[in-house]
Peer 1: 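Below are the structure tokens for one structure; questions will follow.
Numbering starts at 1 and runs along the sequence shown. Just the heavy atoms: all of them, side chains too, but no hydrogens, waters or symmetry mates, feed the values below.
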Amino acid sequence: LIADADGPTSIAGVMGGQRSEVHEGTTRVLMEVATWDGPSINRTSTLLGLRSEASSRFEKGLSPEGALEAQIVATRLMLELTGARLVPGTIDVGGPGPAPRVIRLRDARVSGLLGAPIARERCAAIMTALGFSAGEAEDGLDVAVPHWRRLDVTREADLIEEVARIDGVDRLPSTIHENRTHHAGALTPAQRLRRRAEDVLAGRGLFEVVGWSFAAPSLLDRLLLPEGDPMRRVVELENPMSEAQSILRPTILGSLLDVAAHNAARGHADLALFESGAVYRARPEGETGPTPADEHHALGALVTGAARPATWAEPEPPQADVLTAKGLVEAVLGTLRVAWTPVQATRPFLHPGRAGEVRAVDGAALGFFGELHPQVAAAWDFDGPVAVFALDLGAVVVRANDGAPVAHYADLTSHPELRQDLAVIVPADVAAERVAATVREAGAPLVTGAEVFDVYRGDQVGEGRVSLALHVEFRAPDRTLTDEDVLPVRERIVAAVTEQLGGELRG
């Protein structure tokens with residue numbers, strides 16, 4: 001605050017006061033020119049909510065020497081434009097200020113940084129035109145920095161930048177330096193596979209979301225996880241932002257449900273979301289590893305409401321269910337060419353009887369799919385089916401041709417397949433996938449595909465039994481098969497179904 005014995009006159013560097021105003025009756029003017037500390041002016045202007053041209057200039061920093069120069073210019077303008085009369089006497093409190101900094105501008109350094117030489121005489125002319133003073137030196141110029149450039153010109157490279165700016169950056173040569181020691185950055189095979197898996201879901205119409213890696217401890221109870229469940233081995237944070245973010249998420253399902261519930265509460269009933277990210281679990285007692293937590297990259301998806309968009313041919317599409325989740329798993333693993341099989345299983349948070357486990361051919365668990373348990377869905381305010389799946393993407397990538405997918409193509413046109421339908425009756429507790437796998441194994445190598453397309457239960461097949469109809473494809477690489485070629489293979493298939501599954505051929 002600037003004040004005298006009669007009180008305040010202005011707020012320093014921000015705003016003038018009424019007492020310091022010039023009005024129609026003003027006959028004498030005392031000019032005061034000062035500089036102020038930039039951070040202090042910025043703080044004062046912000047606290048008072050006063051933004052002025054003065055505050056915006058002072059907060060950036062002005063040299064003290066500029067005060068007297070500004071007063072000289074202002075005095076000259078007042079004499080020329082207003083007819084004022086100058087009263088002798090000027091008081092300079094700051095003095096001449098510190099001596100200017102002298103920086104050596106070397107010829108070799110100019111050409112070294114810019115890639116082209118610029119004559120010393122040209123450099124001297126540029127410096128002088130910009131207000132610097134330049135004197136001859138043995139290897140270049142000694143340049144004195146004026147006070148108004150004291151804050152931004154502090155080294156030789158700053159002087160070279162000024163020379164290049166004025167002489168013309170467009171005149172400098174363009175050179176691509178050869179690099180024989182480093183290669184351009186690229187995605188690793190595992191990263192490419194991860195991207196491909198994400199692209200599959202995006203191509204199916206799912207929207208990618210990014211949820212928090214943090215979660216609330218209550219997530220474990222909302223997912224109905226019992227004591228001893230592997231997902232209860234959580235990693236606790238020592239300095240959490242809040243109780244709701246005090247653990248690292250043990251499953252990607254929690255963040256997917258949070259995002260879905262947020263959207264559903266705002267009127268978006270039909271949701272198809274997926275997320276790709278890390279999940280964390282504490283290591284079991286006594287187990288050690290390269291990292292404090294057991295961390296892996298997960299890929300998860302959630303679909304609720306309509307399983308697909310409505311069309312004029314299908315104005316009311318079916319609701320998402322366990323088959324929706326299974327179909328998405330098939331799309332991802334099929335694109336990555338990972339052999340897998342669905343196994344009937346459940347998790348505490350999945351609907352009993354409407355869920356399964358994703359198993360690799362070597363028996364390793366890759367993830368799960370199914371519908372949410374009604375109690376879990378209700379915990380996030382969903383009253384209808386919610387189809388979900390989650391995959392350990394790291395374990396999936398390892399099994400995708402060892403992380404380096406190379407497409408191998410088979411001849412499918414020279415010798416077409418021979419297709420036959422086969423109906424078998426098996427016990428009701430035998431999974432359809434097991435029947436198809438048995439057909440493929442028994443008919444190898446001529447059987448190239450077996451797919452269940454119809455299921456029948458009724459009095460004709462007997463209680464506790466089910467009839468499955470399969471499309472079976474036969475193909476040989478060197479010839480077109482005939483019915484006679486297929487007959488012994490078909491007999492082997494029927495025998496395997498009978499002996500291994502307790503089934504029989506349906507007449």
Peer 1: Is it true that atom CD of Glu161 has more than 12 heavy atoms of other residues, nucleotides or ligands lying nearer than 6.0 Å?
Peer 2: no
Peer 1: Quick check: are there more than 12 heavy atoms from other residues, nucleotides or ligands sitting under 6.0 Å from OH of Tyr456?
Peer 2: yes
Peer 1: Testing the basics here: between Thr324 and Ala387, what is the closest heavy-atom pair and its distance to 0.1 Å?
Peer 2: CB-CB, 4.4 Å
Peer 1: Can you check whether Pro385's main-chain N or O pairs, donor with acceptor, with Thr304's side chain at less than 3.5 Å?
Peer 2: yes
Peer 1: When you measure from the side chain of Arg281 to the backbone N and O of Val235, does any donor-acceptor pair fall under 3.5 Å?
Peer 2: no
Peer 1: Does atom CG of Asp383 have more than 12 heavy-atom neighbours, drawn from other residues, nucleotides or ligands, at distances under 6.0 Å?
Peer 2: no
Peer 1: Look up atom CZ in Arg308 and atom CZ in Arg204, then write down how far apart they are to the nearest 0.5 Å.
Peer 2: 11.5 Å
Peer 1: Does any part of the side chain of Arg347, heavy atoms only, come nearer than 4.5 Å to the side chain of Leu223, both counted from C-beta?
Peer 2: no
Peer 1: Could you label the plane-to-plane angle of the Trp36 and Phe58 rings as parallel, tilted or perpendicular, counting under 30° as parallel and over 60° as perpendicular?
Peer 2: perpendicular
Peer 1: Taking the side chain as everything from C-beta on, heavy atoms only, tell me whether Arg457 gets closer than 4.5 Å to Val455.
Peer 2: yes
Peer 1: Does Arg233 have more than 12 heavy atoms from other residues, nucleotides or ligands lying within 6.0 Å of its CZ?
Peer 2: yes
Peer 1: Keeping the roles fixed (side chain from Ser45, backbone from Ile41), state whether a donor-acceptor pair exists under 3.5 Å.
Peer 2: no
Peer 1: Report, as yes or no, whether the 6.0 Å neighbourhood of atom CZ on Arg51 holds more than 12 heavy atoms from other residues, nucleotides or ligands.
Peer 2: yes
Peer 1: Establish, yes or no, whether the cationic atom of Arg359 lies under 6.0 Å from the six-membered ring centre of Trp340 and within 45° of the ring axis.
Peer 2: no
Peer 1: Just wondering, more than 12 heavy atoms not from Arg165 lying within 6.0 Å of its CZ?
Peer 2: yes
Peer 1: How about Asp459: does its CG atom have over 12 heavy atoms from other parts shown lying under 6.0 Å from it?
Peer 2: no
Peer 1: Please determine whether side-chain contact (heavy atoms from CB on, under 4.5 Å) holds for the pair Val259 and Leu273, giving the CA-CA distance in whole Å, both sets of side-chain angles, and the decisive distance to 0.1 Å.
Peer 2: CA-CA 9 Å; Val259 174; Leu273 312 174; 4.0 Å; yes
Peer 1: Are any side-chain N or O atoms of Arg440 and backbone N or O atoms of Ala450, one a donor and one an acceptor, separated by less than 3.5 Å?
Peer 2: yes
Peer 1: Tell me whether the centres of the aromatic rings in Phe349 and Phe368 are closer together than 6.0 Å.
Peer 2: yes
